[in-house]
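Here's the structure we're looking at; comments come further down.
These numbers were taken from a predicted model, which means no experiment stands behind them. Naming: A, B, ... by sequence-line order, numbering from 1 per chain.
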Amino acid sequence: MKSKFYITTPIYYVNASPHIGHSYTTIAADTIARFMRKALKEGNVLFLTGTDEHGQKIQKAADEAGLSAQEFVDKVVVQFRNLWKTLNISYDDFIRTTQDRHIRTVQKALQMLYDKKEIYSAEYQGWYCTPCEIFWTETQLTDSLCPDCRRPLEKISEVNYFFKISAYQDWLFNHIKNNPCFIQPASRQEEILSFLKMNTLTDLCISRPRQRLSWGIPVPFSKEHVTYVWFDALINYISAVGEFDDKGNYVSGWWGDDTRIVHMIGKDILRQHTVYWPIMLKALGIRMPDTVCAHGWWLIDAAKMSKSRGNVVNPLEVVDKYGVDVYRYFLLKDVPFGLDGNFSEEAIVKRFNSDLANDLGNLLYRTLTMIEKYYQGVIPSPRDGAHDERIKNIASCITSLSREVEDALAKATFNFSLALEKIWEPINMANKYVEEAKPWNLAKENKKEELEAFIRILVDVIRQVGNALSPFMPQTASLIEEQIGRDKISKGRPLFPRIENKR
RNA sequence: CGCGGGGUGGAGCAGCCUGGUAGCUCAUUAGGCUCAUAACCUAAAGGUCGAGAGUUCAAAUCUCUCCCCCGCAACCA
């Protein structure tokens, strides 16, 4: 295992408020970051998130809001930061593409690629919709009308800058083929490989004329142009953690061979991250990230969530109603990572009641009650040599738990739901064991040693589970710690009171 | 003949690569228990594994054909 770990979310486009999808990616990355902080030494994990603040859509949204672009993004970025706070996101750095450190690096990268002749200028043809102020390429059109407003388009041609990504097609194909961890899950790797096999890459247009779009990073070798948003955006992963030196070498404490680099993304931006980005890095002479992990989408009532459909779920409302950790748990558990999931409040309530209230919450609560009842709230000290077969089984289950969670979580597949299933194994075993051990009889018959051994194993299970759960549900983990982490218990209200009569 | 993903008990999924009693969670039903949040434990019912053909001693699993659903312009997790 590499000694350092660097994980990123995409930088989110701030043309509108954050929704469930943004929160999903970020919670997933946060969980991994928290897990890795426990696995590696302190200070060896860097978790980066941020915002993408340039481009036409933002310019337009700002205009509509009657604000300057900068004022507009300053306003929206606050919403993202607040949401991350609410969701207990432990990011170490937050990059904005309007920050100096980023602009500097983007311009340097552009200049280097230009000097290396990786970027060239060419005439670019397309159709322009004057009322919308949007430029459309041939491939974006189905007829001669503006896809947005259905008005006639005007054919224009202009000079733009292009990045020679076509030259790297074979290299990229082989890189992906030879590094099965590079694109995860495997089905996504196949998707990209077949895309590369079936298509010839066309050079990427990385500029926009300034007269049409002023809200962007100026291209250093042309006063007439700003940088295309995707080229701008992808660079954030390196601009946040390093700089180019005078010789054009990228220098960073988080991009060396001792660091495992992971980009967590949604499946919608797979191509940018597995085609454009590696080629940009390659052309700049920078090493590849280890893994680009693409998760699925949350569907709302089986339909794609979109701003135009108006079915966007606001994470804050869900958190208000059910709690942060319930939300985090639901997203990470309800769907195998990588696939699309269906979001609904019914599904949350179901998960809440069965996993959190009935299994975990109830185990803690019934255990606390027994400690209160049989030991006046003082947790009996550990005893060696429990000879009961069932206790041994449970003990070995919690001993291997951290390894199993690591297997599920530290590998490139990032199997959150499997990890949580593993954590629930001892919970279920413990609940079952209560039935078998019949502590109420042990108490009546005054079998002290057996009762103690019984209580101890429950306490051990709960503590281990709380510990294993901390990357997923940090707040819950500390509540468990608070209630049963010390010599004397501190019984509170049930962690997850069942939600009743929902329909 | 465009590409890819999918179609498995009521719901959601695993199994398919490396054929050999079809499994998990939830829901349902019956019973048990009382430490506990009407919770927990046990048991049962429920599937011709989209359709058809083929290979095989044996197919959810391999091959072929067909049907149905989803995605494949852009913005977007």
Open item on the list: Identify the stems formed by RNA chain B, where each pair is Watson-Crick or G-U wobble with both distances under 3.5 angstrom and a stem is at least 3 consecutive pairs.
Closed with: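 Expected stems, ordered by start: B:2-7 with B:67-72, B:10-13 with B:23-26, B:28-32 with B:40-44, B:50-54 with B:62-66.
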Task: Counterpart residues, side chain to side chain contact (heavy atoms under 4.5 Å, CB included), relative to A:S478 (two or more places apart) - done: none
Please classify the nucleic acid contact of [X] as base, sugar-phosphate, or nothing, using heavy-atom distances under 4.0 Å.
| X | answer |
| --- | --- |
| A:W230 | sugar-phosphate |
| A:S187 | nothing |
| A:L339 | sugar-phosphate |

Open item on the list: Donor-acceptor check, side chain of A:T227 to backbone of A:I217, threshold 3.5 angstrom: yes or no?
Closed with: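 Checking the backbone N and O of A:I217 against the side chain of A:T227, a donor-acceptor pair under 3.5 Å is found.
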Task: Polar side chain donor-acceptor pair, A:Q79 to A:S17, under 3.5 angstrom - done: yes
Open item on the list: Pairing donors with acceptors under 3.5 angstrom, does anything connect the side chains of A:E345 and A:Y322?
Closed with: yes
Nucleotide N/O to protein N/O under 3.5 Å, stretch nucleotides 28-32 of chain B:
| residue | atom | partner | partner atom | Å |
| --- | --- | --- | --- | --- |
| B:G32 | N2 | A:E435 | OE1 | 3.3 |

TODO: Could you tell me which residues satisfy ring pair (Phe, Tyr, Trp, His ring centres under 6.0 Å) with A:F454, sequence neighbours excluded, listed by chain and number?
DONE: A:Y433
As a test of reading the structure: which of [options] is closest to the side chain of [X], going by heavy atoms?
| X | options | result |
| --- | --- | --- |
| A:I269 | B:A39, B:A77, B:C35 | B:A77 |
| A:E191 | B:A77, B:G4, B:C75 | B:G4 |
| A:W440 | B:G5, B:U42, B:U34 | B:U34 |
| A:K57 | B:C35, B:C41, B:C75 | B:C75 |
| A:S194 | B:C40, B:C3, B:A77 | B:C3 |
| A:Y228 | B:A77, B:C75, B:C35 | B:C75 |

TODO: Assign each of A:P10 and A:E436 to its nearest nucleotide of RNA chain B by heavy atoms, then name whichever residue's nucleotide is nearer the 5' end.
DONE: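 Nearest nucleotide further toward 5': that of A:E436.
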Open item on the list: So that I know where these two stand, are A:F72 and A:W215 an aromatic pair - ring centroids less than 6.0 Å apart?
Closed with: no
Task: Any donor-acceptor N/O pair under 3.5 Å between B:A39 base and A:N362 side chain - done: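 Side chain to base: no pair below 3.5 Å.
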So which protein N/O to nucleotides 24-26 of chain B N/O distances come out below 3.5 Å?
| residue | atom | partner | partner atom | Å |
| --- | --- | --- | --- | --- |
| B:C26 | O2' | A:K350 | NZ | 3.3 |

TODO: Would you please name every residue forming a side-chain hydrogen bond (donor to acceptor under 3.5 Å, both in side chains) with A:T369, sequence neighbours left out?
DONE: A:K491
Open item on the list: Nearest whole Å is fine: how far is B:C40 P from A:M370 CE?
Closed with: 14 Å
